[in-house]
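Have a look at the structure below, then the notes.
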Amino acid sequence: MIVRPYGDTTGDGMVQVSFTLPVPHSKRAEGAALQLAGKMGLEPAMLVHAKPMGPDFTFFVVYGSARHLVDMSAVEVIEREYPLLTAKEVNAAIKTRLARPLVVVGACIGTDAHTVGIDAILNVKGFAGEKGLEYYGELRVVNLGAQVLVPDLVEAAIAERADAVLISQIVTQKDAHLANTREMSAAFREAYPAGQRPLLVAGGPRFDETMTAELGIDRIFGRGTTPGEVASYLVHALAPDRVAQPEEIR
Amino acid sequence: MIVRPYGDTTGDGMVQVSFTLPVPHSKRAEGAALQLAGKMGLEPAMLVHAKPMGPDFTFFVVYGSARHLVDMSAVEVIEREYPLLTAKEVNAAIKTRLARPLVVVGACIGTDAHTVGIDAILNVKGFAGEKGLEYYGELRVVNLGAQVLVPDLVEAAIAERADAVLISQIVTQKDAHLANTREMSAAFREAYPAGQRPLLVAGGPRFDETMTAELGIDRIFGRGTTPGEVASYLVHALAPDRVAQPEEIR
Amino acid sequence: MTGKLDLDPAAVAAARALAREVGEPVVRIAREHTTVSVERAVLRLAGITGADPDGIPWVNRLADAVRDQTGLERGVALPVFDALIRENWGLGDLLLLAQKAAAGAVEFRLPADPQAARAAAHQAVSRGIARIDANRRERESLIAGIGDAPRKPWIYLIVATGDIYEDIPQAQAAAREGADVIAVIRSTGQSLLDYVPEGATREGYAGTYATGENFRLMRAALDDVSRELGRYVRLTNYASGLCMPEIATLAGLHRLDMMLNDSMYGILFRDINPIRTFTDQRFSRQIHARAGIIINTGEDNYLTTADAVDEAHTVTVSQLLNEYFALEAGLADWQLGLGHAFEINPAIPDSFRLELAHALLARELFPDAPLKWMPPTKHMTGDIFRGYLLDGFFNLAGAMTGQGILLVGMMTEAVVTPFLSDRDLALQNVRYVLDAAGKLGEDFRPEPGGFIATRARTVLGEATELLQRIRGDHGLLQAIADGTFGITKRPADRGKGLDGVVAHADGYYNPATEILEGGS
Amino acid sequence: MTGKLDLDPAAVAAARALAREVGEPVVRIAREHTTVSVERAVLRLAGITGADPDGIPWVNRLADAVRDQTGLERGVALPVFDALIRENWGLGDLLLLAQKAAAGAVEFRLPADPQAARAAAHQAVSRGIARIDANRRERESLIAGIGDAPRKPWIYLIVATGDIYEDIPQAQAAAREGADVIAVIRSTGQSLLDYVPEGATREGYAGTYATGENFRLMRAALDDVSRELGRYVRLTNYASGLCMPEIATLAGLHRLDMMLNDSMYGILFRDINPIRTFTDQRFSRQIHARAGIIINTGEDNYLTTADAVDEAHTVTVSQLLNEYFALEAGLADWQLGLGHAFEINPAIPDSFRLELAHALLARELFPDAPLKWMPPTKHMTGDIFRGYLLDGFFNLAGAMTGQGILLVGMMTEAVVTPFLSDRDLALQNVRYVLDAAGKLGEDFRPEPGGFIATRARTVLGEATELLQRIRGDHGLLQAIADGTFGITKRPADRGKGLDGVVAHADGYYNPATEILEGGS
Ligand code: B12
Ligand code: B12
Ligand SMILES: Cc1ncc(COP(=O)(O)O)c(C=O)c1O
Ligand SMILES: Cc1ncc(COP(=O)(O)O)c(C=O)c1O
C-alpha cells in the first residue's frame, strides 16, 4: 500500500516543517529556506513564517506538499516476534525451561543519571500499571542505579552471573547514548569468551530500534516500553519454548 | 556559501517536521513515518510523538538532521531591481516622465472577498505606517472591491484606460488563486491588442513570486508588501527613468 | 447578570431601550417588504425541491415565472396556488407546476377572490412547518435519549474541505475528539448566489455548499456518531447571504441545530443591500425561532477589519441590535448566540485583561444568551507555535467569563483551511484549558473599579453614546451608510440583491409569516 | 504575606520552628566536619589556580599531598602555609608549592606553634575574600550604572551546548531576546568529579563544564551584552556535586550572580554522602552570602521523580529546611531563590488551579524570597505544540502568583537540549504572557475557603506533620535514609564522596570560615 501525508484531502501530501538557518533575515534567506524545502521534496512549498533571531539567524515555518510516497510494504520495523506473556507465564516458563532464576543486571551507564526509565522497567513499582521485573518471582534483579562505569558493570555482571544485562541511556546529545552503548558491548566482548556473554539489552526514548547490529547488542527498547514486553523478550531469548519453535533447535 | 539548518551547533542540520499519515497508529505506522522522514533527507530521524487521531489517522512529530546543503549562491529570489521611492519621488517621476496621472484599477477577483490586503495597498489609510496609493497625487486609483468577476474587471480597465491592473487573491485552497489569476490574464490577452494590455500585478500572502511567467502576468507581491514598494514598481515599469537606464531604450 | 463588573442596571436598561428605538424603524421596513428569497422560502415550505438540468432550482424557476407575470408585491403564494388549483393538481404537484411554468406554459394571475388559493397555500406551507416542528421535537427527544454536550462552553469546530464526502469523516473524527458542535463552512461565493444549489456537492472552495442534501447527509452522519458517543452533536451552517430565508428553511427542514445569522453581516461584508438583508433576516429568524435553532451572530467579523479596542463598542451596539431583532422575530434568549471575539492585538499591553473585560461585559449584558466566542484570526500569523498559545489564552478567557459556544481556534489560521491534525491539536488545547483551568472563573474577581471593571464600563458607555448618536442622526440605515460598523460604508439604495427587494402592495399574502407570527 | 490564602500565621510560625528543630542537629554535624572540597576551596581563596599536564588541578595535587602526610582533621591551611613559610616563599607562590608537593618534594606537618602559619593563611585567604567583596561591589555598581532587569519575574534561560564558545553567542542572543538571567548547564558527570576542570572547555555532554575560565569568559560576554542592552544580565551556574564549595568560591571570584545550591539535591539525585553534602553546603552558602549571590534551591527536582500532588508537602518541607540552612549560613531573604515547579500531571482535573495553590503557598510562606519557578518537564512529551501551551500556562501561573525567577520552559523539553529557536520561541511565549496577563494577579482572588485556599492549607498541614514526624523519629538524616524526599533512600553512611569527609580534630583551622563567620 502506498500512502501520502494527509492535510485535509486524501493525497494532498501536506507536511509542516520548521528550522533555523544561520543567515540574517532577508529575501535571500527566505529563498534559501524554500530551496531547502524543495530539496526535502516539498512542492509547492509555502513559506509562512520567517523570524529574525538576532543578527545571524532566521527561524522559518514552511508548509508544503511532500512529493514522496510512503510504501507501507517497505516499512522497516522491529515487530515483536514473540508472544506477550503474563507475569505468571514468564515465571512458569523460566521455572520449567531454565530450572533456576534468571539473573538480570541493570544500570544507567556513563554519566547518565536518568534512572526513572530503567527503574520503570526493573522496580516493583513498574510502569503504565504493569509491575516491574523485580516483581517476577523467577527473575533475580540487580539494579546498579545511575552513572555506572562500564568496567563496574562488567564486573557486576560476572559476579552476579548475569543472564542479561539491561542498560539505559537517556541523554543523547552528541550521540552519547550510541558511544556509551558501543563501549559497553565492546567491554563485554572482551571480558567474556566468544558466544558466552550475557544477553545485552539497551533502552531509552531516542534509540533507533534497528541499530542492534551496529551497536553490538541483542535488542533495543524505545519510548513507552513496558516491563511485560521486556520480560517476555527475556523468556523468548533465554528460555525459549523448544517444542513450539523447532526451527530454533540446532 | 553553503549552510545547513542549525539546531544548537553549527552544521547539525536539525529540522522539525510534523504530518499526518492516513494509517491507524501502530509500530508499522511509526516505521512509515520514519520512512517518510528518511525520504525527506532526515538522517538520523527521531520520531518523538505519534498520536492516533481516530481509527484511520496518526499524527507524527519528527526531529532529524537534514542531510541537504543549502547553496546560498543558487537561491532563487525576486530581488527588487528598482529603487524604493518616496511618495514625493513617485509623484515627481510620473509628472515629469508621463505628464498625466497614472491609472490603477484594483480588485479582489473571483469569489474572494478578502479586501483587507488590497485595501492596505490602495486605500489612503495604507499599511505598516505607509499611506496607500490613493494618497499619491499623480495616481488615479479605482478600487472595485470584493468578488469582482473577470469580465467586469476587464471592462472597468478598458473604461478607465488603466495603466495597471492590480488584483488580490487570498483564498488559496485548491489553488483557487492560481486558477483565477490565469483566467484574468487570459481575458486581458484576449481583450487587448498584443503588447497593449495594462501592466498586470497580483498580490496575496501565499503566492510564489517566481511564477509570473506561468501566470501570464508582470509581477507578484507577497506577504507584508507595502504600498511604497508597489508605487515604486509602477514607476519603474510604466514611467522608467530613460536617462538613468539607457539599456531600456529600444 | 453575574455581577462581577458592578454594571449599573439603569445604564444597561437604557442601552437596551435605545437599541429598541433604533431597531424599530428597521423592523417596520422589513415588515413592509418581501424578497425573492423570502418568497422562494415559502415555496420550499410548501414542499418544492429539485433543480433543472442546468442546476437552477425549480423553486427559482417558478418564483421567476410568477415575478415576470404578476410581480411579487402580493407574494408568490396566491398566484402559485391559484394556478395549481386551476390545473386541478394536488398540493404535492408544485414541482410539476414549476416545470410547466419554466416551459412558459403556465399563466399566473392574482385571483380576484384569493380565498381558495390562500387556503391551499396555508395548508401546503403548514405541512412544511409541521415538519420543522417535528424536527424540533425529534431533536429534543434525541437529546433526552442520547444525552447532551457534557458541559458549557460547547466546543464548536469547523470542517471546510469543499467536499461533503470528505467533510463527513472529518466531522465525525472531530466529534469523537470532543466537538459538541460541527459547523460546515460554506464555499466562497455561495453567499452571492441568488439560488441554493441542489444535491450533494464535492467542489466548494474553502468550504462546502450549503444544500438541503448536504444538510441531510451531515445531520445523519452526526446522528450516527451522536449515538456512538452518547451525546447529541449539533450541526451548524450559515443562514446568510442572498438566500438567507431559504437556507434557514432548509435548516429547519433538515434538523440543523444552530445557524450563523446576523442582522448586518451580509450588508457589511458581502455588500448586500440593507433592506434586502433586514427583510430576509426577519423571516429567517422567525423560522429559526420556530425550529428551536440557536442563531450565531457575526460581531466577531467587525474585529477582523476594525480595531478590537477602538471599535469594541460597535460590537456591543450590534449585539444589542441583534438581540432586539431576534426577540422581535420570536427567538428566545437561549437561542441568541451573540457573537464576539478575541481579536485584540496581542502586542498591546494588558491585551488579555482587555479581552476579559470585553468578554465579561457581553456575559453580564446578556446573562441568558449562549454567547458565541470567536478565536483570534486577524493577529494569527504563520508562527503556528505562537498561534497555538494564543488559542490557549482564548480558550482560557472563554472559560473564565462563562462563554456558551467556544469556536475552536486553529494554529494554521493564517495558512490554510484546517488540517485534520489542526483540529485534533486544537481540541487537545481546549481540553487542557477546560480541564485544568475551566473553573478558574471562581477565583476571578476583577478589582472593583479596577482595570477590567473600568474598561467594561467605558465600552458600555461608548456603545450607549453611539446608539444615541444613531437615533439622533438619521437612524440605523444612515449609520450603516456612514461606515459605523466594521469601517465599511453601505448605503441603503445600493448593494447586491437590491433588485430582489419588493415593497408589499395591498393584499400581500404570505402563509408562512401568517403561521409563524400567528404562532399556529 | 500577601494574604490571598488567609494562612494562619501561627501555623506558619510553627512549621518554621519545626524546620529549625530538624535542621539544627545537621548544622551541628556540618560544623564538626570538613571535606576535601572545603579544604581545596580554602586554597583557591588563597589564590591557587591551574592544572597539571593531566588536567588535575594543582589545588587537588596539593590538598592530596597534605592529606597523605598530615590528614585533614585540622585543615590544609596550617600545613600548607607552614610549608610555604619554611620554603621562604611569598603568599603568591602557592602554585610552586603545589608543583613541588606533587613531585613529592615537600614535607608537610602540623606546626607545633600554628601562629605564623595561621596569620599567613588568614592573610592569603583574605585576599580571595577581598576579591569576592570587590566583585560584589562591582556588581552593585554595574547594576546601578547600566540598569537592572526591567521587571519581576526575572526571565531565566539555559544554554547547554557543551562548548563554551557556542554557549557565548547563544547566551548573548538569549539576552537580546529578553533573558534577565543566563544559566550555563553543566556537563553530565561533572557533579561526580572530585575536582573542578580547568580552562575553557568545548566538550561537555548536554552541558558545559563549570570552570573558572568558563565563568570568566561568560561573565565578560554578558557584561558586554548588558552594556549593549542597558540592563545587567545575570549569570548562573551550579554549586552542586562533589565540588560544591570550590565552585561556589569560583563563582564568587568571577562575579557570578546566582548559583544552583541545594541542601539535599546531591544526596538524593547524585547519591552523594549526606554528611559530605551538608558540610559542603554550609561552606558554599557562607561564600554565597558574602558574595551577594542568590542561591536557587532544587525542590523542583523532587517532582520529576515523585508525584507533584501527593508529594507537594515534601517540597514545602524542603523549602523550609533550605531556608533554615541558608539563613544559618548567613544568607539574607533576598538571596533565597527557593525552588518549586509546575509538574502536576496535566491530565488531572483542575491541575492549573492546583498549581496556583502550590505556587501561592510558597509565595505566602516566603514573602521576601525571590522564588524560583521551574517549568513543566516530567509531563512534557514529543508533542511540541501541547508543550508550548503548557509552558504558557506555567508562565501565567508564575505571573499570577508573583514568582521571582521564571525558568523558561522549552517545547522540546522531552526531545533535545534546547535549540536556538526553542529559546527564541520560549521567550516569545513568556513575553506574550507577561505583557498580556502579567497583572492578572490583581484580579485573582481565590475564593476564601474555596478550592485553592483549601488545597494550600492542606499542603501546609501535611508539611507540618511530616516535619513533626521527622523530629519525632530519628531526625533528618534518618528521614533521608528512609526515602522521604524524591522517593529515593540515602543512608548517612553511604554514598559518593564519603571518603572525602573528615571530622574536625582539636586545633582544626579554616581561615575562610573564620573570616566568613566573623564577618571580617
Ligand atoms: C526526570 C528528568 C531528570 C531528573 C532525573 C531523575 C532521575 N532519577 O532519573 C533530573 C532532574 C535529576 C534530571 C537532570 C538532568 N537532566 Co533530565 N530530564 C528528566 C525528564 C524531565 C524526564 C525523563 C524521565 O524520567 N522520563 C520518564 C521515563 C519513564 O521515560 P524514559 O526514560 O523514556 O524510559 C522509558 C523508555 O525509554 C524505556 N527505557 C528507558 N531506559 C530503558 C532501559 C531498558 C533496559 C529498557 C528495556 C527500557 C528502557 O522504558 C521506559 C518506560 O517506558 C526529561 C525530559 C522529558 N520530559 O523527557 C529530561 C531530560 C532527559 N534531561 C536532560 C538533561 C540534559 C539533564 C541534565 C544533563 C541537565 C543538566 N545539565 O543539568 C541533568 C543531569 C542528568 C544527568 N547527569 O544525566 C535532557 C536530555 C537531552 C538529550 N536528549 O540529550 C532531557 C531530554 C531534557 C532536555 N530537553 O534538556 N533530569
Ligand atoms: C480578515 C479575514 C476575513 C474577513 C475578511 C474581511 C475583508 N473585508 O477582507 C472575513 C471575516 C469576512 C473572512 C471571511 C472568510 N474567510 Co477569511 N480570513 C481573514 C483573516 C483573518 C485575515 C486576512 C487579512 O485581512 N490579512 C491582513 C492583510 C493586510 O494581509 P494580506 O491579505 O496578506 O495582504 C498583504 C499582502 O498579501 C499583500 N497583498 C494582498 N493582496 C494584494 C494585492 C496586490 C495587488 C498587491 C500589490 C499586494 C497584495 O499586501 C498586503 C499588505 O501587506 C485570514 C487569516 C489570517 N490571519 O491571515 C482569514 C483567511 C484568509 N480566510 C479564509 C477563509 C477560508 C474565509 C472564508 C472563505 C471562510 C468561510 N467559508 O466562511 C470566508 C469567506 C471569505 C470569501 N468569500 O472570500 C482562509 C483562507 C484559506 C486559504 N488559504 O485558502 C484564511 C487564511 C483563514 C483560514 N485559515 O481558514 N475572512
Ligand atoms: C453571519 C455570517 N455569515 C456568513 C459568514 C461566512 O461568509 P460567507 O458569507 O462567505 O458564507 C460569516 C463568517 O463568519 C458570518 O459570521
Ligand atoms: C541543585 C541542583 N544541582 C545540580 C543540578 C544539575 O545536575 P548535575 O548535578 O548533573 O549538574 C540541578 C538540576 O536542576 C539542581 O537543581
Side-chain angles (χ1 to χ4, degrees), chain A residues 1-38 40-54 57-70 72 223-224, chain C residues 157-174 177 179 182-188 201-208 346-347 376-377 379-390 408 410-427:
Chain A
M1 191 179 64
I2 303 290
V3 298
R4 296 187 64 199
Y6 182 101
D8 71 347
T9 313
T10 302
D12 62 19
M14 294 304 293
V15 161
Q16 172 270 328
V17 181
S18 77
F19 53 82
T20 299
L21 291 180
V23 292
H25 181 229
S26 68
K27 276 213 133 178
R28 238 193 144 64
E30 298 194 358
L34 285 169
Q35 186 193 91
L36 176 64
M40 291 175 73
L42 304 192
E43 192 187 310
M46 300 187 284
L47 188 117
V48 304
H49 179 61
K51 159 98 176 24
M53 296 186 296
F57 295 93
T58 312
F59 178 66
F60 299 96
V61 178
V62 178
Y63 277 80
S65 177
R67 33 162 210 268
H68 309 294
L69 305 180
V70 176
M72 292 301 292
R223 272 168 47 248
Chain C
L157 267 188
I158 66 168
V159 295
T161 67
D163 177 342
I164 187 69
Y165 294 107
E166 295 266 357
D167 286 343
I168 284 176
Q170 297 203 10
Q172 291 182 322
E177 289 293 318
I182 298 290
V184 181
I185 296 295
R186 294 193 307 183
S187 176
T188 61
T201 68
R202 312 198 61 162
E203 65 303 297
Y205 273 122
T208 306
T377 65
H379 296 287
M380 294 290 275
T381 68
D383 182 349
I384 51 179
F385 301 102
R386 174 179 167 283
Y388 198 70
L389 176 70
L390 217 56
V408 175
M410 304 286 154
M411 66 183 191
T412 48
E413 171 63 33
V415 184
V416 287
T417 43
F419 286 177
L420 184 80
S421 54
D422 294 334
R423 263 194 300 272
D424 196 82
L425 284 164
L427 281 170

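Every chain is numbered from 1, with letters handed out A, B, ... down the list of sequences. All values reported here derive from a predicted model rather than from experimental measurement.
Between C:Phe385 and A:Phe59, the ring planes lie tilted relative to each other; the angle falls in the 30° to 60° range.
For A:Thr10, the parts lying under 4.5 angstrom from a heavy atom of chain C are both the backbone and the side chain.
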Stepwise side-chain contact (heavy atoms from CB on, under 4.5 Å) test for C:Ile384 and A:Gln16: CA-CA 10 Å; C:Ile384 51 179; A:Gln16 172 270 328; 3.5 Å; yes

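Listed options C:Thr161, C:Val416, C:Val415 were ranked by heavy-atom pairs under 4.5 angstrom with chain A; first place goes to C:Val415.
Residue A:Asp8 is tested with C:Glu166, C:Gln170, C:Arg423 for a side-chain contact (heavy atoms from CB on, under 4.5 Å); the sole match is C:Gln170.
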